[in-house]
Amino acid sequence: MKQFIYLLLLLTGPVIFAQENGSIVGKLIDKEMNDEPMAFANVLVKGTTKGTTSDFDGLYEIDGLEPGTYTVVYSFLGYETVELSVTVEAGKVTEANVPMSATAGVSLDEVVLVTSSAKDSEVALLLEQKKAIVIEEAISAEALKLKGIDDAAAAVSQISGISKQQGSNDVYVRGLGDRYQNTSMNGLSLPSNDVNKKNIDLNLFTSGILDNVAVSKAYSSAFYSDFAAGNVNIDSKEHLGDAYVKVSLGSGLNTNASGLDFVRSEGPSAYGFYNRYEYNPFNVVLAHGVDPQSAWDPINLNGAFEAGNSWNIGDESRLSYFVSASFDSGYTFREGPAADFTNVLKVNFPTVNEYAYNTNTTALGNLTYRINPEHKLSFTSLFINSAVDAVGYYGVNGEGTNRDAIITTDEGFYIMNVQFNQDMIFVNQLNGSHSFEDKFLFEWGVGFNKVYSDEPDRKRITLENYQLSLDDDPNTNPVFYTNIPFDNQRFFQSIEDDELNSYLNLGYKASEQLTLGFGYNGKRKERSFNSIRYGYRIEDRDNTPITDVNNFDDIFDVSNINIPEGSGLWDLIVLNPINNEIGNVNRPGLPENTYRGVMNVYAGFVNAQWTPNEKWLVVPGIRLESFSQSVEYEVINIRPDDPGFRDVYENIFVPSLNVRYSLTEDSNLRFSFSKTASFPEFKEVAPFVYEAVTQRIGGNPDLLGGLDGTGATYSDVYNYDLKYEWFLDRGEIISLSGFAKTIKNPVNRVVAADATGTQRYFRTGDQADVYGVELELRKNLLSDANDNAIVSMGLNAAYTHTKQDLKDIPAGDQNTFGTTFDRDSDRLEGASPFIMNADLNYSPDFGNYRPKATLVFSYFSDRIFSLGAGSLGNIVERSVPSLGFVLRNDIGEHFEVNFSAQNLLNPDVSFVRENTGIGDVIIREYNLGVNLGVTLVYKF
C-alpha cells in the first residue's frame, strides 16, 4: 500500500488549467437611455477572432489574451462605433467601462479604464466566482478599500455564513468553530499565532497586504482531507506597477481603559518582546520580583509602512517587489465576575479587574520574477509577533470566596495573576507557475513555517482575608493562602512548532471540453512543549503579614529565601528535581510537563473538468492521503499505567464531486458532495492540563485510537451542498445555499463532573448531524454615471442546526479518562445556530475628496463552549451583537484621514454554566469598551 502511495505521489499534480494571460472586462452604458446598461452590443478585439457580446446587464468579458496592447471595437446597430486602445498585462485584468451613443457625442474621457491584479478587482472576482468549479466566495482588495475594511477578519465576515467575534480571533464558518476549518496563504498552510487554536488570527492581515480573501466551503481534491467547514485562503499582495511608498500613523483609545493607571508585566518590552529567554527560569525567579509595573498612558498606537516597485528586464521579463511593516498596540480593561464551578461552586469572584495590553508587529515581503508570460517565480516572507500582557486582580472588593479556604470560605479570597504571552511566527514561501504550449500548466510551491509560543514567568499570588487590606487599619492584614506550595507560584511554558509543506500541480488540457488535473501536496508538522513551575512555600504565613498588597517584591526578594534553613520567609519548590541528591527545595529543576507531537500528511489526487456544453461543468476528483500522528509525553496527574505515547497511521480515500449548471448567463446552480476528515490537534491529544485562574483545560490521547488502540483516530465527514447564485450587476449578487454534514466520531470539549472540573476533549458519540441554509445579498442602492456604487449594502445570514448523540465513556482498559452524560443528545460544541452580518456603505465622489463611510453589524446566537458532563449543564457563550463604523477620507491622490469606532454597542461577553442546581452561574463576564481611532495615511 505504501509503495502505491509513493508512486501516486510521484505521478500526480493540480486541478485547474489556466494561463498567465490577461483579460478585459467591463460594462457598456447606453447614453441614449439615461445610462441604462446596453445589452447585446458587440465587443471585438480588432484584427483577431476574439470577441463577445454584452449580457443583459451590459457586462462583458474577453479572457485568455496574451500580454500586449489591443484595439477593442465596441459596436451596436444605430450607435457610433467606439475604438479603444487597451493594454493587457499577464495575470491582470483591465476593466473598461464604455458609454455608447447614437451620435459622435461620446468622448474617450468618459471611458473608465482601470488595470489591476486579476484577483484584487471586484468585477473580476465576481466573474471568477461565476465560473468557479467549486462553491467559493471571495472579497477583493478593491472591495475592502471601498467598504473601509482594514483586515482579513473583517473581510471574511462580509461572506455569507461566516461570523467574526469582536474582541476575539475566532472565525466561525457555517456556525462551526476553529477545529473544523483551515487557513492558508498563497495555497500553502499557515500556522496559528495561538497554539491553543488551529487557525491564525485574521486580524493580523491588514488590507494593505492583501489581493483578496477567498473562502471555499465545498471540498475539491486539491485541498487536504482535513476539511469540514471550509478553507480560508489569503492571496498576499504582488505589486506590478510603478514605484510608491505609503506611510500611516494612528492613535486611539478604549473607553474602558481611558484615564486608568495601567499596569503590565515586569520583563516584557512595550513592543511585545521578552528579553530573558536565554536565562534559566530558576535564575529569573531569584533575580526578578512578582509585582507588575506601571505602563504608558493607555493610548492605542499604530503605524505602517509599505513600498513597491517593478522593472522591465528585456522585452518579456519583469521583476517586482512589495514590502510592508506595521505595529499596533491597544489597551483594554475588563471588569466583571468570574467563577470556578466544578460539581459545586468552588471559587467565586464577584469582581475581577483585568488590565490587558496587546501588541502586534507584522512584516511581509514579496519578490516576483515574471520570466515571460508563461513562467513566473514568487517568494513571500511573513513575520508576525503577537503579544498579550495581562494583569488580573480577582476578588478586588474583598468578596471573593473559596470552598477550600483555610480561614473563611465566605469572604476575602483573592488572586493576582500577572502573565505575558508571546507568539512569533516565521512563514517563508516559494511558488512557481509554468505553462507550455497552451496544453500544460505546472504549478508548485514549498513553504516552511516556524512558531515560538511562550508564556514566560507567569506570576500568581493568592491571599486570604483580602478585605482587611481595604479597612485602612495597619494592624489587620491579609495573609497568604497556602493550601499547597503552588498556590503562590511562577510558571514558565514554551512551545516550538516546525512545519514543512509543499504542493506540485500539473494540468493538462486534453480538449476544449476536458481538462485533467494531477496533484500532490504534503506537510510535516512537529511540536515540542515543556512547562515548569516554582512554588513559594511560605514558612510561617501567620507571622508574614502583607502590609501592602501592591508590594510583594519586598517579601519575595531573594534575600528572604530560606537558606540556611530557618533563616528566611519562604522556600522555592519544584516538582521535578534534577536528581534526588540535589532535591527539589531551593534548587533548579527540570520541566514537570513535556510532550512532542509529529503529524505527517502526504497525498496524491486526480480530477477532471468536463464541460459537455456551455451549460454544464462536472468536476469529479479522487484523493488518496496518508496520515500519521504521534505524541509522546511525560506529564503529571496521568495514570501510572499509561504508556506515555500514542501513534497512529491511516490511509484515507477522499472522493469529491462538484457540478455547476448555468441556468442563465448570470445565474448558476451548484451541487457538491465529498467525503472528508477531521483530525485532532496536538493541544487536543496531549494530556497536559493548562491551569487558568478559574478554568483548567487539558488534552486526551484517547482521541488517537483509545488506550487499547481500537478506537477512532479521526472523524469521517460527509458533505452535501446545493447553491443558487444570481449575479445581478457589477459587485452585486444574490445567493441561497443549503448544506448538510454528517460527522462520525465527533470531538467535543467536555467539563468533567468531578472536583477538578477539568475540561478535556472526548469523542462523545458515534455521529453528529449538521444542516443549514445561507443567504447572501450584495446590492448597490445608488450608483453614479460610471456605475460606481454611491450607496451599497450587504447582508448575509446563516441558520445551522446541529445534533449529536452522546454516550458514556468509562475510564478503564479502553479509555484513559472517562465522562458520563444524563442526556442522549445535544448540540455540537462551538456551533452557533444563527449568525448574521450586514454592512451599509456610502461612497460619494466630490472631486479630490472621496469619503467612504461604512457601518458594519454582526451577530451570533448562543453557542456551547464546553459540554457539561453528568447532570450538570453546558458552559455556554451567550450571543453577542457588534456594531462598528469606519470613515475613510481620500483627500486627493496621496492623502487619507481615517476614523474608526468599533464595538459601539459594547455588549457583555458572557460565559455561563447552565443547570447547576443553583441556577445559571456566570463563569466569566465583561465588556470590551468602545475603541475609537484616527489614522493618517500618505502615499508618495
Side-chain angles (χ1 to χ4, degrees), residues 163 165 170 172-181 228-229 341-343 678 680-681 684 695-700 702-703 711-712 714-718 739-754 757-773 798-811 815 817-835 860-880 910-924:
S163 171
Q165 180 188 346
D170 293 340
Y172 292 80
V173 178
R174 289 178 164 172
L176 298 178
D178 176 71
R179 76 178 316 274
Y180 293 106
Q181 55 191 279
F341 194 100
T342 56
N343 51 3
S678 178
E681 291 290 297
E684 296 175 334
Q695 292 190 74
R696 288 153 300 281
I697 300 178
N700 182 359
D702 294 343
L703 298 184
Y714 68 96
S715 302
D716 283 316
V717 184
Y718 297 84
F739 60 90
K741 297 178 184 294
T742 297
I743 305 174
K744 300 292 187 179
N745 302 298
V747 173
N748 289 265
R749 184 170 47 215
V750 181
V751 192
D754 57 28
T758 299
Q759 301 174 43
R760 290 192 187 272
Y761 298 89
F762 290 90
R763 297 195 183 277
T764 49
D766 295 323
Q767 181 171 309
D769 295 309
V770 180
Y771 59 85
V773 292
Y799 171 76
T800 305
H801 173 82
T802 65
K803 183 180 180 181
Q804 62 178 326
D805 59 89
L806 300 177
K807 63 181 181 181
D808 292 344
I809 303 172
N815 306 295
F817 304 103
T819 191
T820 61
F821 299 99
D822 67 344
R823 56 204 185 280
D824 296 328
S825 63
D826 209 330
R827 289 184 290 138
L828 201 62
E829 175 249 313
S832 279
F834 181 72
I835 58 178
F860 66 84
S861 59
D862 292 1
R863 54 191 174 216
I864 296 174
F865 180 78
S866 289
L867 289 172
S871 61
L872 296 173
N874 304 319
I875 297 179
V876 174
E877 182 182 5
R878 296 299 193 200
S879 61
V880 174
S910 183
F911 296 82
V912 176
R913 186 75 187 266
E914 298 179 330
N915 191 28
T916 64
I918 57 173
D920 292 349
V921 174
I922 296 175
I923 301 299
R924 187 74 173 98

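Keep in mind that the numbers below use all heavy atoms, side chains included, and drop hydrogens, waters and symmetry copies. This is a predicted model, so every value here is computed, not measured.
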Quiz item: Hey, does the Lys NZ or Arg CZ of Arg913 hover above the aromatic six-ring of Phe341, less than 6.0 Å from the centre and inside 45° of the axis?
Solution: no
Listed partners of [X] passing side chain to side chain donor-acceptor pair (under 3.5 Å), at least two apart:
{"X": "Thr742", "result": "Asp769"}
{"X": "Thr819", "result": "none"}
{"X": "Ser861", "result": "none"}
{"X": "Gln695", "result": "Gln759"}

Considering residues at least two apart in sequence or located in another chain, which fulfil the salt bridge (Lys or Arg N to Asp or Glu O under 4.0 Å) criterion with [X]?
{"X": "Glu681", "answer": "none"}
{"X": "Lys803", "answer": "none"}
{"X": "Asp808", "answer": "none"}
{"X": "Arg763", "answer": "none"}

Given side chains that start at C-beta, do those of [X] and [Y] come closer than 4.5 Å, heavy atoms only?
{"X": "Arg924", "Y": "Ile875", "result": "no"}
{"X": "Phe860", "Y": "Val880", "result": "yes"}
{"X": "Ile743", "Y": "Leu828", "result": "yes"}
{"X": "Val751", "Y": "Leu872", "result": "no"}
{"X": "Pro810", "Y": "Asn815", "result": "yes"}
{"X": "Tyr180", "Y": "Val770", "result": "no"}
{"X": "Asn745", "Y": "Tyr714", "result": "no"}
{"X": "Gln804", "Y": "Leu867", "result": "yes"}

To the nearest 0.5 Å, what is the distance between [atom1] on [X] and [atom2] on [Y]?
{"X": "Asp702", "Y": "Tyr761", "atom1": "CG", "atom2": "OH", "answer": "15.0 Å"}
{"X": "Ser871", "Y": "Arg823", "atom1": "OG", "atom2": "CZ", "answer": "9.5 Å"}
{"X": "Glu829", "Y": "Asn748", "atom1": "CD", "atom2": "CG", "answer": "5.5 Å"}
{"X": "Ile923", "Y": "Glu877", "atom1": "CD1", "atom2": "CD", "answer": "13.0 Å"}

Okay, side chain of [X], backbone of [Y]: is any donor-acceptor separation there less than 3.5 Å?
{"X": "Arg749", "Y": "Arg760", "result": "no"}
{"X": "Asn874", "Y": "Val876", "result": "no"}
{"X": "Ser866", "Y": "Val750", "result": "no"}

Over all atoms of both residues, closest heavy-atom pair of [X] and [Y]:
{"X": "Asp862", "Y": "Ser879", "result": "OD1-N, 2.6 Å"}
{"X": "Pro746", "Y": "Ala768", "result": "CG-CB, 3.9 Å"}
{"X": "Leu703", "Y": "Pro680", "result": "CD1-CB, 4.1 Å"}
{"X": "Phe739", "Y": "Val773", "result": "CE2-N, 3.8 Å"}

Quiz item: Listed by chain and number, what are the ring-ring contact (aromatic ring centres under 6.0 Å, His included) partners of Phe865, not counting sequence neighbours?
Solution: Phe911
Quiz prompt | Those residues that, when tested against Tyr771, pass ring-ring contact (aromatic ring centres under 6.0 Å, His included) (two or more places apart) | solution = His801
Exercise. Start with the C-alpha gap between Asp824 and Asp805, add the side-chain angles, then the distance that decides, and say whether side chain to side chain contact (heavy atoms under 4.5 Å, CB included) holds.
Key: CA-CA 6 Å; Asp824 296 328; Asp805 59 89; over 6 Å; no
Quiz item: What pairs with Asp920 under side chain to side chain contact (heavy atoms under 4.5 Å, CB included), at least two apart in sequence or on another chain?
Solution: Arg878, Val912, Glu914
Practice problem: Under the side chain to side chain contact (heavy atoms under 4.5 Å, CB included) rule, collect the residues that match up with Arg827, sequence neighbours excluded. | Solution: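 Partners of Arg827 under the side chain to side chain contact (heavy atoms under 4.5 Å, CB included) test: Thr802, Pro833, Ile864.
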Quiz prompt | Thr764, Thr820, Asp766 screened by side chain to side chain contact (heavy atoms under 4.5 Å, CB included) with Lys807, the one that passes | solution = Asp766
